[in-house]
Amino acid sequence: MRPLTIIVNLKHYEKSSGARAGDFLKLFRNLSVPDGCEVNFALNPIDIRIAADFPQLTFISQHVDPVSYGAHTGHISMESLKGLGIKGSIINHSERRLNPDTIRDTVLRAKEIDFQITVCCESPEEVRQFSSLEPYSIAYEPPELIGGNVSVTTSRPEIIKETAEICHSKSVKLLVGAGIKNRSDVSKSIELGADGVLLASGVVLSNNPLDTLNSLIVNL
Ligand code: G3P
């Protein structure tokens with residue numbers, strides 16, 4: 001099986017965050033992830049401590065700041081996240097954009113402490129710009145397709161190919177996201193050169209999130 005990475009972003013949906021995050025995650029208690037496949041749940045930082053209740057699942061954060069210990073009121077540090085068993089974070093999501101200096105500082109700091117950063121990018125230009133920092137991975141997501149029913153794989157196949165080439169020339173993994181809903185979106189992403197997908201509504205808002213997620217774990 002070709003390695004496949006899936007990030008399920010729990011965003012700030014009512015059913016998957018805050019007081020309901022635990023019940024939502026219980027749905028995945030029997031999730032079985034085959035060798036060579038990685039499934040990470042991206043938690044809202046305010047819900048991060050819930051990760052301890054689900055040792056069989058893997059978690060990342062939806063955001064992190066490039067700060068260490070010290071006088072940093074209200075920031076989220078990689079040290080704190082790591083201490084709670086969180087192995088990485090998304091940054092610069094379309095719904096939580098950062099300036100380029102902050103992205104650079106975050107990626108560089110993460111490398112120092114072995115924390116896995118996935119930098120979200122809205123265009124091939126951004127993929128080029130931020131893959132040069134060599135983060136753990138890049139996630140290409142056209143913002144206009146996020147949360148919709150037209151997937152990035154059907155709408156932007158050429159850009160997936162192009163961004164995969166850019167990332168792989170730097171040995172950076174490429175994930176793609178926006179509108180990913182089913183197994184054929186995942187297989188198509190991989191066929192086009194991506195290493196996995198970043199998705200949210202397709203799993204979180206489905207009637208049976210566990211079955212939906214299982215159906216996305218394709219054998220390639
Ligand atoms: O972070 C994933 C995301 O932005 C894509 O959302 O709902 O289109 O899968 P969705």
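Side chains included, hydrogens not; waters and symmetry mates left out as well; all remaining heavy atoms used. Source: prediction; values computed, not measured. Every number for a ligand or one of its atoms is a count from 1 in the order of the listing.
Looking from atom 6 (O) of ligand 1 to the surrounding protein, the closest heavy atom is K11 NZ, 3.4 Å. For atom 5 (C) of ligand 1, the nearest non-hydrogen atom of the protein is E141 OE2, 3.3 Å. Among all non-hydrogen protein atoms, the one lying nearest atom 4 (O) of ligand 1 is H93 NE2, 2.8 Å.
In summary, the side chains of E122 and S94 do present a donor paired with an acceptor at a separation below 3.5 Å, with no hydrogens or angles considered. Between the side chains of S80 and S77, a donor-acceptor pair is found at a separation under 3.5 Å.
Residue contacts with ligand 1: L199 is placed with no nitrogen or oxygen under 3.5 Å of a nitrogen or oxygen of the ligand (distance criterion only). Between K181 and ligand 1, no N or O atom pair is found at a separation short of 3.5 Å. Checked by distance only, ligand 1 and Y13 stay at 3.5 Å or farther apart across all their nitrogen or oxygen atoms.
Ring centers of Y13 and F24: at least 6.0 Å apart, outside the cut-off.
For ligand 1, the atoms sitting less than 4.0 Å from at least one non-hydrogen atom of N9 are 1 (O), numbered in the order shown with element in parentheses.
Nearest heavy-atom pair across G18 and D47 is N-OD2, 3.0 Å.
In this comparison of P143, G147, A200, the heavy atom closest to atom 9 (O) of ligand 1 sits on A200. Of the candidates S201, S151, A42, G202, S201 brings a heavy atom nearest to atom 7 (O) of ligand 1.
Between K26 and D23 there is a salt bridge, with a side-chain nitrogen of the basic residue lying less than 4.0 Å from a carboxylate oxygen of the acidic one. Ion pairing between a basic and an acidic side chain is recognised when a charged N comes within 4.0 Å of a carboxylate O; E38 and K173 show such pairing. Under the 4.0 Å criterion applied to side-chain N and carboxylate O atoms, R156 and E144 are assigned as salt-bridge partners.
Residue G177 places every heavy atom at 4.0 Å or more from ligand 1.
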